[in-house]
Amino acid sequence: MPEYEFVDLYVARGVSRKEATRLLTDHAEYGHWELERLSMHRDGSRRVRLRRRIIRQVRATW
């Protein structure tokens, strides 16, 4: 089973859809994050949960 680390972002209601898309795209491209959950609230703000896989190095034994 893969292990993930998570980060929660809050996007204020004054942020346009284009700016929010750019923010999430930058996280995806440069931080290797993927979208797990997005929830929009009545006031127009968004809560975003991103995740990325944790890759563990296995020590080689000789």
Side-chain angles (χ1 to χ4, degrees):
M1 181 110 206
E3 292 183 51
Y4 293 97
E5 62 179 312
F6 298 93
V7 64
D8 293 320
L9 299 175
Y10 173 78
V11 181
R13 72 181 210 184
V15 177
S16 69
R17 175 181 260 176
K18 187 174 182 178
E19 291 172 6
T21 302
R22 181 180 302 264
L23 172 75
L24 296 175
T25 302
D26 288 344
H27 273 81
E29 285 185 13
Y30 302 116
H32 305 287
W33 293 98
E34 61 185 32
L35 181 65
E36 186 197 26
R37 179 176 296 148
L38 176 106
S39 58
M40 287 193 66
H41 299 281
R42 285 184 168 194
D43 65 351
S45 65
R46 302 170 189 97
R47 289 230 183 253
V48 181
R49 186 172 186 127
L50 303 175
R51 72 178 184 180
R52 69 177 165 190
R53 196 166 175 191
I54 298 173
I55 300 172
R56 302 247 186 242
Q57 293 280 332
V58 178
R59 184 177 292 231
T61 56
W62 296 72

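The shown structure was predicted, so the numbers you read here are calculated from the model rather than taken from an experiment. The basis for the numbers below is simple: all heavy atoms, side chains too, and nothing from hydrogens, waters or symmetry mates.
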### Task
Using the rule that two of Ile, Leu, Val, Met, Phe, Trp, Tyr join whenever any of their side-chain heavy atoms come within less than 4.5 Å, decide whether Val48 and Tyr4 are in one cluster.
no
### Query
Residues two or more places apart in sequence or in another chain: which of them pass salt bridge (charged side-chain N to carboxylate O under 4.0 Å, His left out) with Glu34?
Arg51
### Message
Quick check on the hydrophobic clustering: are Leu23 and Val15 connected, directly or via other members, by side-chain heavy-atom contacts under 4.5 Å?
### Response
yes
#### Entry: salt bridge (charged side-chain N to carboxylate O under 4.0 Å, His left out) involving Asp43 - partner list, sequence neighbours excluded
none
### Query
Would you find a donor on one side and an acceptor on the other, under 3.5 Å apart, between the side chain of Thr25 and the backbone of Thr21?
yes
### Task
Spell out, yes or no, whether Leu38 and Phe6 are grouped together once hydrophobic residues are joined by side-chain heavy atoms under 4.5 Å, including indirect joins.
no
### Message
Just checking Tyr30: does its OH atom have more than 12 heavy atoms from other residues, nucleotides or ligands closer to it than 6.0 angstrom?
### Response
no
## Note on the structure
The salt bridge (charged side-chain N to carboxylate O under 4.0 Å, His left out) partners of Arg42 (sequence neighbours excluded) come to none
### Task
Can you establish whether the number of heavy atoms outside Arg49 located under 6.0 Å from its atom CZ is more than 12?
yes
### Heavy-atom closest pair, residues Arg46 and Ala20
NH1-CB, 4.0 Å
### Identified side chain to side chain contact (heavy atoms under 4.5 Å, CB included) counterpart of Leu50 within the set His32, Glu5, Glu36, His27
His27
### Task
Taking all non-hydrogen atoms of both residues into account, name the closest pair between Arg52 and Gly31 and its distance.
NH1-O, 2.7 Å
